Amino acid sequence: MITDDLRETAVTAKLTTRWVGRPYIFLKEVDSTNAYLKAEAVRSRLPAGTVVAADYQRQGKGRLQRRWEAPPGTALLVSLLFRPDWPPEQANWLTMIASLAMARAVERETAVSVGIKWPNDLVTQIGGAWHKIGGLLLEGDIHANRLRSAVLGIGLNVNMAPADLPAGHLPAASLLAVAGQPVSRLRLLVDFLQRVELGVDTAVSGQSPQIDWQKRLINLGQTVQVTNARTHQQLVGTAEGVNTLGHLIVRDETGKQHTITAGDVTLRQ
Ligand code: BT5
């Protein structure tokens, strides 16, 4: 039996976290969980750890003004509020922690293996080709050179029928399409939130998620083409690893190393 209910009572009954998901807010429909949480974080002075989940987003956001699409009730569409007093460049750690947490939650609940495509895609391999099953969007509020607050949004294709999958530059897939059977959004969400709490608590002590994150990156050793979305400048090279901040190290044809920050960059293989 699939328990696929994301209402407050269902989630809080299962959650054993200290601060992540406290409070937990569920919305049937919203423009974007990130937009909602950013506005409410200020208006209602919500605490770090607040989580918003929705069954449907009218205007789900990707990076760089792109859209995130999912039919009602088929996906995890979740945003989390953090208030880490970190240097701004450490904001990446939140994306790294959350993508690792979701990859592990999916692998615990299903037989689907999850990779991470730098900097923010959750992917799985079908017939030798990488398919996108999820994506993350981090929006930080920087003040006096500190990360005052950050909203981390994550979308995961759980029970989307193959016909409902959007077309993108990476083909899309859902856990249902890969595993062949429906998956409980509730169990995934609860496991994910518990892993995020553990990850952030570890990071607060100063430890980067670099090592575990790098192990899941599908880009390493691959030839990548990096395009700066603002300047349209391109760089082709081999992805060699990430540094402690999650920046991608790329070596070009002349042997020169470049450190790529996620900001305005798109990556093709
Ligand atoms: C992302 O952007 O992958 C970040 C997606 C974040 C979505 C979550 S949902 C909860 C929270 N609230 C929000 O409003 N957003 C966050 P990006 O790397 O820019 O990828 C966007 C591209 O992925 C689109 O241009 C499409 O090509 C493709 N795409 C859209 N919906 C998809 C889906 N459901 N599955 C796979 N690919 C999708």
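Note that these values count all heavy atoms, side chains included, but never hydrogens, waters or copies made by symmetry. Everything quoted here is computed from the prediction, not taken from an experiment. Ligands are counted one by one from 1 in listed order, and the atoms in each one are counted from 1 as well.
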Original post:
Would you call R185 and D5 a salt bridge, taking side-chain N to carboxylate O under 4.0 Å as the test?
Top reply: no
Subject >> Test side chain to side chain contact (heavy atoms under 4.5 Å, CB included) applied to E109 - qualifying residues, sequence neighbours left out >> reply: R187, L188
**OP:** Indicate yes or no: does E40 engage R43 in a salt bridge with an N to O separation below 4.0 Å.
**Re:** yes
Only pairs under 3.5 Å count here: list side-chain donor-acceptor contacts from residues 68-81, not counting sequence neighbours, and write none if there are none.
unit_1: T74; atom_1: OG1; unit_2: P71; atom_2: O; d: 2.8
unit_1: S79; atom_1: OG; unit_2: T33; atom_2: OG1; d: 2.8
unit_1: S79; atom_1: OG; unit_2: N34; atom_2: N; d: 3.1
unit_1: S79; atom_1: OG; unit_2: N34; atom_2: OD1; d: 2.6

Original post:
Just by distance, do the side chain of R148 and the backbone of D141 share a donor-acceptor pair under 3.5 Å?
Top reply: no
**OP:** Collect the protein residues that have a non-hydrogen atom under 4.0 Å from ligand 1 and hand them over in chain and number order.
**Re:** S32, T33, N34, Q57, G60, K61, G62, R63, R66, R67, W68, E69, L77, V78, S79, N120, D121, K132, G135, L136, L137, G153, I154, G155, N157, M160, P166, A167, G168, A172
Subject >> Partners meeting side chain to side chain contact (heavy atoms under 4.5 Å, CB included) with T110 (sequence neighbours left out) >> reply: V106, V112, L175, V183
